[in-house]
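Residue numbers run from 1 in the order of the sequence given. Worth knowing before you read on, the calculation uses all heavy atoms, side chains too, and leaves out hydrogens, waters and symmetry mates. Read the numbers this way: they start at 1 and go in the same order the structure lists the ligands and their atoms.
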Amino acid sequence: MARRPLIAGNWKMNGLKADGVALAEAVARKVKAGPAPADVLICPPATLVDRVAQTVAGSGVAVGGQDCHAVQSGAHTGDVAAAMLKDLGASHVILGHSERRTNHGETNATVRAKAEAAHAAGLVVVVCLGETEAERDAGRTISVVESQFKESLPSGTNADNTVIAYEPVWAIGTGRTPTNAEVAEVHAALRASAAKVLGAAVADRLRILYGGSMKPSNARELLAIKDVDGGLIGGASLKVDDFWAIVEASR
Ligand code: PGA
């Protein structure tokens with residue numbers, strides 16, 4: 001079955017009000033001028049979700065958070081609940097990004113608990129997984145991503161409430177990418193894991209994105225790989241022309 005591509009921008013910890021609104025406006029203008037060949041999602045920092053959601057309202061651009069807490073409210077200073085993101089107009093949330101796994105000690109179990117909370121709040125989760133360079137060098141890539149897949153997704157996961165993003169840790173922000181064959185191998189393994197864990201019908205519809213140094217110059221070939229259903233874009237999502245070139249490359 002044909003899966004509609006999703007191109008998602010992960011702004012990370014970048015942008016004050018003025019830049020965020022300007023970038024969101026520019027993306028919304030592109031989508032409105034469309035038709036875009038892909039679903040388009042932008043994930044600003046939590047401080048900008050409200051403004052960005054208001055800015056793109058009605059344009060067809062979806063807005064997501066970059067993390068949420070595993071419980072819905074309470075004594076968790078500095079954290080943001082899934083329902084709060086939803087309340088601001090977010091429809092998605094990125095979970096388990098390698099920067100969260102590394103900098104905040106998030107494990108597959110943490111990601112799973114957060115995904116459960118996000119699903120309960122009605123958000124679509126974009127669950128990130130991927131091997132480190134040491135794991136790849138040790139020949140463990142497939143077993144690592146398979147266990148991340150199995151352990152990070154809560155029961156109730158389906159193709160409507162979940163998107164997977166394969167992001168090799170060593171490719172994020174480095175300008176390095178796996179070969180097309182390496183990407184194809186991981187995506188095929190993830191599709192097979194999905195069939196095993198979630199059933200063939202869900203696996204067939206589940207979107208599996210590639211992320212890690214995707215940019216205008218390599219997007220077309222990465223997006224053409226079998227089982228790659230879009231991209232999660234960091235650095236290149238901060239410039240509308242680069243981000244849009246990637247959206248266009250999914251055509
Ligand atoms: P990058 O980041 O595109 O800057 O490599 C991707 C990501 O971390 O989601």
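When each atom of ligand 1 is checked for a heavy atom of Lys12 under 4.0 Å away, the hits are 2 (O), 7 (C), 8 (O). Proximity to Gly173 (heavy-atom distance under 4.0 Å) selects the following atoms of ligand 1: 1 (P), 4 (O), 5 (O). For ligand 1, the atoms sitting less than 4.0 Å from at least one non-hydrogen atom of Gly235 are 1 (P), 3 (O), 4 (O), numbered in the order shown with element in parentheses. Counting atoms of ligand 1 from 1 in the listed order, those under 4.0 Å from a heavy atom of Ser213 are 1 (P), 3 (O), 5 (O).
Heavy atoms of Lys215 found under 4.0 angstrom from ligand 1: none, in either backbone or side chain. Counting heavy atoms closer than 4.0 Å to ligand 1, residue Asn10 contributes side-chain atoms (C-beta onward) but none from N, CA, C or O.
Ligand 1 lies nowhere less than 4.0 angstrom from a heavy atom belonging to Gly211. For Ala236, the closest heavy-atom approach to ligand 1 does not fall below 4.0 Å.
Using a 4.5 Å cut-off on side-chain heavy atoms (C-beta onward), Gln54 and Val63 make no contact. Contact annotation: the side chain of Leu23 never approaches that of Phe243 to less than 4.5 Å [non-hydrogen atoms, C-beta and beyond]. When side chains are defined from C-beta on, His119 counts as touching Thr157, because their heavy atoms get closer than 4.5 Å.
Taking each heavy atom of Leu153 and Val127 in turn, the nearest pair found is CD2-CG2, 3.9 Å.
The protein atom (non-hydrogen) at minimum distance from atom 7 (C) of ligand 1 is Glu167 OE2, 3.1 Å. Looking at atom 3 (O) of ligand 1, its nearest protein heavy atom turns out to be Gly234 N, 2.8 Å.
For the residue pair Glu167/His97, the side-chain donor-acceptor check at 3.5 Å is satisfied.
Annotation: His97 places an N or O atom under 3.5 Å from an N or O atom of ligand 1; distance criterion only. Considering backbone and side-chain N/O atoms, Ile172 never comes within less than 3.5 Å of an N/O atom of ligand 1.
Residues Val52 and Ile94 do not share a hydrophobic cluster, clusters being chains of Ile/Leu/Val/Met/Phe/Trp/Tyr side chains in contact below 4.5 Å. Under the 4.5 Å side-chain heavy-atom criterion for ILVMFWY residues, no single connected hydrophobic cluster contains both Leu129 and Leu232.
Asp227 has a carboxylate O that lies under 4.0 Å from a charged side-chain N of Arg3, or vice versa, which qualifies the two as a salt bridge.
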